[in-house]
Amino acid sequence: MNRLISLLFLLLVCVLAQADQLTFDSVSEQIQQAESLHEEARIVDHGWVITRKLIEQAKAALADDQLISADELSKRALRTALASVTQSIREEEVWRARIPSP
Amino acid sequence: MIRAAACLVALLVGVGSASADPESDQLALARYFEQRFPDVEVAAHIDGAYALNEQTREQWLAMEDFPPYEFSVDDGEVLFGASFKDGSGYQDCFDDGNVKAHFPYFDHEKQTVVTLELAINDCRVASGEEPLAYNGEDIALLSAYMAFASRDSVIDIEVPPEGLAAYEAGKQYYYSRRGQLNFSCSQCHMLMSGLKLRAETLSATIGQVTHWPVYRFKWQEIGPLHRRFVECNEQVGAEGLDYQSETYRNLEYFLTYMSQGLPLNGPASRK
């Protein structure tokens with residue numbers, strides 16, 4: 001639960017930090033955060049296809065100097081990455097409820 | 001409040017299943033499908049979705065008159081009979097190839113689950129040969145021949161105490177939701193088994209491993225079980241894993257135990 005709150009806080013900080021100024025570095029950092037969260041999900045076999053695609057698209061947009069597009073894509077990547085980590089945390093507890101009773 | 005209630009339910013169910021062992025898991029699953037499909041014998045599930053839909057079963061049986069995997073079995077037999085550079089061959093590791101009933105197994109020395117594909121490569125490496133690519137054609141052909149040689153043998157694997165963690169990991173993977181669509185394997189192949197997903201009938205968990213490798217018309221070639229795992233994962237928006245990754249081998253271990261006692265009927269053809 002604490003981990004989840006930390007992740008939500010991280011997401012909030014990221015969104016607020018990006019609100020004022022959009023620079024190559026700020027978007028790049030956002031992409032890195034999405035990558036880091038995605039990796040956290042992947043390690044426990046909960047990576048999502050959409051996150052990887054969004055990260056790749058955000059990187060391509062950034063390389064093309066399309067800052068607004070890269071920002072939008074990386075924010076979506078961050079949201080889906082966070083959702084995948086949340087899923088992995090939740091499933092650690094609830095998967096047993098799906099086993100048929102002996 | 002809802003979360004607390006869900007946790008309590010999970011905890012209570014968890015306590016119940018903590019004492020469960022592979023044998024009682026398998027019995028509970030068999031009972032589940034007996035109740036879900038009272039007109040279908042448990043052993044009939046080795047035919048997958050074709051055990052649950054009479055119309056598609058007839059089409060499939062007609063297709064099996066000229067099975068598309070026949071050439072793969074023949075090519076696999078040639079590969080199986082070939083000698084390695086040191087003069088040894090697959091027969092030295094697998095006799096006549098009729099060994100699939102005892103795979104996968106938990107290797108005490110390596111402390112890992114060994115599938116047939118892994119054993120094929122171990123056999124090669126022990127004789128100084130390069131391992132085959134797990135997504136390549138040769139390993140699919142070899143396992144097709146060995147599946148054919150093992151036909152009608154009854155699945156007879158063990159889960160020793162040291163193998164329980166691997167079995168449990170496979171079980172957890174099967175029952176965990178994953179991907180953007182938030183689906184678990186069990187939701188499709190237990191709760192929704194027998195129902196349609198677009199035009200396809202969803203097969204039951206039991207019997208899912210008996211007929212691999214499979215010639216899929218979608219693939220236009222024969223392919224291994226782990227290729228289907230990747231496909232299932234990606235269909236729910238989850239990233240597929242490497243063939244023969246530890247996670248997939250554990251999943252295969254769990255699924256194979258769930259089919260314990262059923263006859264092998266691979267290779268097979270599927271849409």
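Fair warning: this is a prediction, and the values are worked out from it, not measured in the lab. Just so you know, these numbers use all the heavy atoms, side chains as well, and skip hydrogens, waters and symmetry mates. Protein chains get the first letters and strands the later ones, always in sequence-line order, with residue 1 at the start of each.
- Across every non-hydrogen atom of B:Ala28 and A:Ser101, the tightest pair is CB-O, 3.4 Å.
- For the set B:Met190, B:Arg31, B:Gln180, the entry with the most heavy-atom pairs within less than 4.5 Å of chain A is B:Gln180.
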_Check against side chain to side chain contact (heavy atoms under 4.5 Å, CB included), B:Arg177 and A:Trp95_ = CA-CA 8 Å; B:Arg177 288 175 186 249; A:Trp95 69 274; over 6 Å; no

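- Remark: B:Gln220 CD is packed, more than 12 non-hydrogen atoms of other residues, nucleotides or ligands lying under 6.0 Å away.
- For a heavy-atom cut-off of 4.5 Å, chain A lies close to B:Leu241, B:Thr247 in residues 240-255 of chain B.
- What you find for B:Arg178 and A:Asp45 is that their closest heavy atoms are NH1-O, 2.6 Å.
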Enumerate, atom names and distances included, each donor-acceptor pair closer than 3.5 Å involving a side-chain atom of residues 48-58 of chain A, sequence neighbours excluded.
residue: A:Trp48; atom: NE1; partner: A:Gln87; partner atom: OE1; Å: 3.0
residue: A:Thr51; atom: OG1; partner: A:Thr80; partner atom: OG1; Å: 3.0
residue: A:Arg52; atom: NE; partner: B:Glu239; partner atom: OE2; Å: 2.7

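- Surrounding CD of B:Glu158 are at most 12 heavy atoms belonging to other residues, nucleotides or ligands under 6.0 Å away.
- Going from atom CD of B:Gln172 over to atom CD of A:Glu91 covers 9.0 Å, rounded to the nearest 0.5 Å.
- Of all heavy-atom pairs spanning B:Asn182 and A:Arg90, the tightest one is OD1-NH2, 3.2 Å.
- Proximity to chain A is limited to the side chain of B:Tyr173, based on heavy atoms less than 4.5 angstrom apart.
- Within the 4.5 Å cutoff, the side chain of A:Arg98 has heavy atoms near those of the B:Ser184 side chain.
- To the nearest 0.5 Å, atoms OG (B:Ser176) and CD (A:Glu93) are separated by 11.5 Å.
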